[in-house]
**Q** 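Here it is, the structure in full.
Numbers here are sequence positions counted from 1. Everything numeric in this text was worked out from a predicted model, so none of it was measured.
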Amino acid sequence: MTNKYFLFFYFFIFFLISNSGFVYNYNFIYWDDYALYQHDWNVLLKMFSQAAGFGGYYIASLHYVLSNLFNGVMSYRLISLVLCFFTSLFVYKISLNSGVFSKVGSFWLSLVFICFPFLSSKITLIVFPYIFSLFLFYFAFYLLSIDLHKKILTRVVILFLFLISFMFNSLLVFFSIVLLYIYLYNKFYKDTFFGLFAFLRSYADFFLLPIFFFALKLFFMKSNGLYDGYNSVSIQDFSYYYYHFSNSIELFFYGLKGLFLFEYVLWISIFLVFFQFFLIRKNTFKLNIFYKYFLYVLFSFALIFLAFFPYASVGLSPSPRSVDDRHYFLMPLAFSFFMVSVVNFFYIYKPFRSIVFLLFLSLFVFENARSSYVYYIDGIYQESIILDMKSNDLINENDSFIVGYKKENYFAYKRYINPYEWNGMLRNVYPDADKAMALSLSELNNSYWLKNLQYNANNYIFSEPMNVCLEMDDISFFDFLEYLIDYDQRTFARFTEC
C-alpha cells in the first residue's frame, strides 16, 4: 500500500466512525425534524417562506425532495454522509493548492476538520441546508484554488455556487477568507495602494457578491409572520456582543474539557513538548518556520472570531452536546487550522506531531461515535413512546396531557422535548392531530404551537389536561446492539398516571 492510499485509508476510517450516525441511524428524527416530517409542500413552503422570504422556496424544495425519497429520513442521512466526505476532501485540496500547509499538514487539517467533536446536531434533518451550503461553499473555493475562475463560464459557476451557499447566512462573513485568499495568492500585497486597486478591479465581482446577496436578503428574503425578526441583527452596545462571544468561547472550552480522557492527553502533549528537546539536533530549529506557524496561530484566532461572530451578533451562543451546536458549523475549519498551526509551532520533532494528532483525534472520534450512539438511544425511546401511545388507554381516552419524568430524562444529553415533538409522536398514532402534549400548562395552551400545521396539533381544542408521567428504562449497550441487529417491538418507555 502506497503512502497515498495509506493516508486515504486512515482518513476514510476516521471519517466513517465520526459520521457513523449517518450510516446506521436511518429512521429516527429529532427536534425541529417533527416540523418537517410527513408534511406536504404547502406546509413546508409556508414555514420556510416566513423564515426566509423568497429564499424559502429554495429551502422548502430541498426538504420536499429529500423527504419524498426512501423513507423520508434515509435520504437525508446518506446524502449528508456523501456531502461531508467531499467537503473534507475539498478542504484538503484547498490547503494543498494554496500552499498553506504541506501534504501531511493538509491531511491533518482535513482530518481534524471532519472529526470536529461538537456537531451532534448534524444528525437532524432540519440542518441539512447548512451541510449542503457548506458543501457548495468549499466546492466553489476548491474550484477557485485550481484557477478555474480564469475562464468566464467557470467563473460564473463559482460565483453562483458561492451565492447559493450564502443561504447559510453565516457564510457571508466567512467569505472574507476567500477574498483574503485571492488577495494573497495573486500577490496584490506587493504594492500596497495599486495592488489593492488592482484587486478591486480584477475581482470586483467577488467583492460585490456578498453585498449583492445582502441586498437580496434585505428586500426579498426577510423573515415574516410566525418568524418575524428571526435571527435579525440589531445594534447593541459592546457588552452585548462581548458577552455572547466570550460565552461561546467559554462553552467551547468547557466542551473540550469534558471530552473523554482530555486532561490526560493534554498533559501527555505538554510532556512531549519538553521531551522532544532530548531527541532533536541543534540545527533542526529553523526560525523562519517557527515564525511562519506563529503567524498561522494568530490567523487562526481571526478564523475563530469569524466563526463565532455571526452568532454573537444575533445573541446566540453555541453550546456543545445540544441542538445549539448547529451554530458550530463554521468552527471545523477554524479549529482545525488552529490545531494544525499549534502542533507545528510547538513540535519540532515531527514524529511527535503525529502522536499528538492521533491522541486528540482519538478523543474527537470517540466523542462523535458516542454522540451517534446517544442519539440512536434517543430514537429508540421515541419509538417506544409511539408504541406505547398505540396501546395505552390513558392516551387513547384523553386529548390533553402534561408530561413529567417519573425517574430520569434519558433523552440525548437530557435534551428538552418541545411540544411539537410530543405532538409529532402523537400524530404518528392519531393522524387527525387533535391531541396535544407538553411539559407545562402554558405550553399546552399556547397558540404558537397549536394553530400551525407544522407543529402537529392544529385540530386540538384545549381541555383540562391529564398529568402523565413518562417512565424510561435504562437502555444498555447490549440492548442497543440487539435493537440495531434485530429490531423488535419492545417498549423502553411508557406513560403512567401521576
Side-chain angles (χ1 to χ4, degrees), residues 21 25 27-35 37 120-121 123-124 126 254-255 258 319-325 370-430 433 435-446 448-450 455-457 460 462-480 482-483 488-498:
N25 187 343
N27 58 337
F28 295 137
I29 60 175
Y30 311 91
W31 185 51
D32 280 7
D33 296 349
Y34 277 102
Y37 188 62
S120 61
S121 60
I123 196 69
T124 62
I126 195 72
Y254 177 78
S319 177
R321 305 180 187 95
S322 73
V323 291
D324 286 337
D325 70 11
R370 176 175 174 267
S371 173
S372 298
Y373 169 76
V374 165
Y375 270 96
Y376 194 87
I377 296 299
D378 185 307
I380 294 176
Y381 283 124
Q382 292 185 58
E383 188 73 22
S384 295
I385 288 170
I386 293 170
L387 287 172
D388 182 69
M389 286 175 172
K390 290 180 180 179
S391 58
N392 193 315
D393 291 338
L394 289 175
I395 308 300
N396 291 331
E397 296 170 3
N398 296 277
D399 297 328
S400 186
F401 309 93
I402 294 178
V403 184
Y405 294 103
K406 191 166 186 177
K407 294 180 181 178
E408 191 174 347
N409 177 359
Y410 283 118
F411 289 111
Y413 304 115
K414 301 187 183 300
R415 69 186 183 94
Y416 171 80
I417 306 298
N418 288 292
Y420 54 83
E421 293 183 73
W422 297 114
N423 297 338
M425 296 180 219
L426 283 167
R427 185 168 164 264
N428 266 278
V429 183
Y430 308 98
K435 295 178 184 283
M437 184 176 284
L439 293 174
S440 68
L441 183 61
S442 59
E443 285 185 340
L444 193 63
N445 198 26
N446 189 338
Y448 180 87
W449 304 118
L450 302 177
Y455 295 135
N456 303 307
Y460 167 74
F462 181 78
S463 59
E464 189 65 28
M466 167 169 277
N467 291 303
V468 293
C469 286
L470 180 62
E471 184 179 352
M472 306 174 76
D473 301 332
D474 188 10
I475 298 178
S476 69
F477 183 70
F478 295 105
D479 292 326
F480 160 74
E482 184 178 352
Y483 196 94
D488 59 34
Q489 294 285 311
R490 282 190 299 165
T491 57
F492 295 94
R494 64 206 62 83
F495 290 106
T496 59
E497 190 171 358
C498 292

**Q** Suppose we screen for ring pair (Phe, Tyr, Trp, His ring centres under 6.0 Å). Which residues come up paired with Tyr30, at least two apart in sequence or across chains?
**A** Tyr375
**Q** Among pairs that include at least one residue of residues 415-428, which meet salt bridge (charged side-chain N to carboxylate O under 4.0 Å, His left out), considering only residues two or more places apart or in two chains?
**A**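 Output for this query lists Asp378-Arg415, Arg415-Glu421.
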**Q** Tell me, please, which residues at least two apart from Asp33 pass side chain to side chain donor-acceptor pair (under 3.5 Å).
**A** none
**Q** List the residues meeting side chain to side chain donor-acceptor pair (under 3.5 Å) with Tyr430, not counting sequence neighbours, and say none if there are none.
**A**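 If we apply the side chain to side chain donor-acceptor pair (under 3.5 Å) test to Tyr430, skipping adjacent residues, the hits are Asn396.
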**Q** Suppose we screen for side chain to side chain contact (heavy atoms under 4.5 Å, CB included). Which residues come up paired with Ser319, at least two apart in sequence or across chains?
**A** Leu251, Ser322, Asp324
**Q** Which heavy atom in Pro465 sits nearest to a heavy atom in Leu444, and how many Å separate them?
**A** CB-CD2, 3.5 Å
**Q** Testing Ile385, Ile380, Asp388 for side chain to side chain contact (heavy atoms under 4.5 Å, CB included) with Phe492, which one passes?
**A** Ile380
**Q** With sequence neighbours excluded, give me every salt bridge (charged side-chain N to carboxylate O under 4.0 Å, His left out) pair touching residues 465-476.
**A**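 Output for this query lists Lys406-Glu471, Lys407-Glu471, Glu471-Arg494, Asp473-Arg494.
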**Q** Check side chain to side chain contact (heavy atoms under 4.5 Å, CB included) between Ser391 and all other residues, then give those that pass, not counting sequence neighbours.
**A** none
**Q** Is any side-chain heavy atom of Leu470 closer than 4.5 Å to a side-chain heavy atom of Phe411?
**A**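 Yes, their side chains come closer than 4.5 Å.
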**Q** Restricting to ring pair (Phe, Tyr, Trp, His ring centres under 6.0 Å), what partner residues turn up for Phe477, sequence neighbours left out?
**A** Tyr373, Phe480
**Q** Going by the rule side chain to side chain donor-acceptor pair (under 3.5 Å), which residues pair with Asp479 if we only count those two or more places apart in sequence or in a different chain?
**A**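 Expected list: Ser476.
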**Q** With side chains defined as the heavy atoms from C-beta onward, is the minimum distance between Gln382 and Phe28 less than 4.5 Å?
**A** no
**Q** The criterion is salt bridge (charged side-chain N to carboxylate O under 4.0 Å, His left out); which residues satisfy it with Glu408, sequence neighbours excluded?
**A** Lys414
**Q** Does anything in residues 389-399 pair up under salt bridge (charged side-chain N to carboxylate O under 4.0 Å, His left out), and if so which pairs, sequence neighbours excluded?
**A** Asp399-Lys435
**Q** Name all residues meeting the side chain to side chain contact (heavy atoms under 4.5 Å, CB included) criterion together with Ser372; count only those two or more places apart in sequence or in a different chain, and write none if there are none.
**A** Ser20, Tyr24
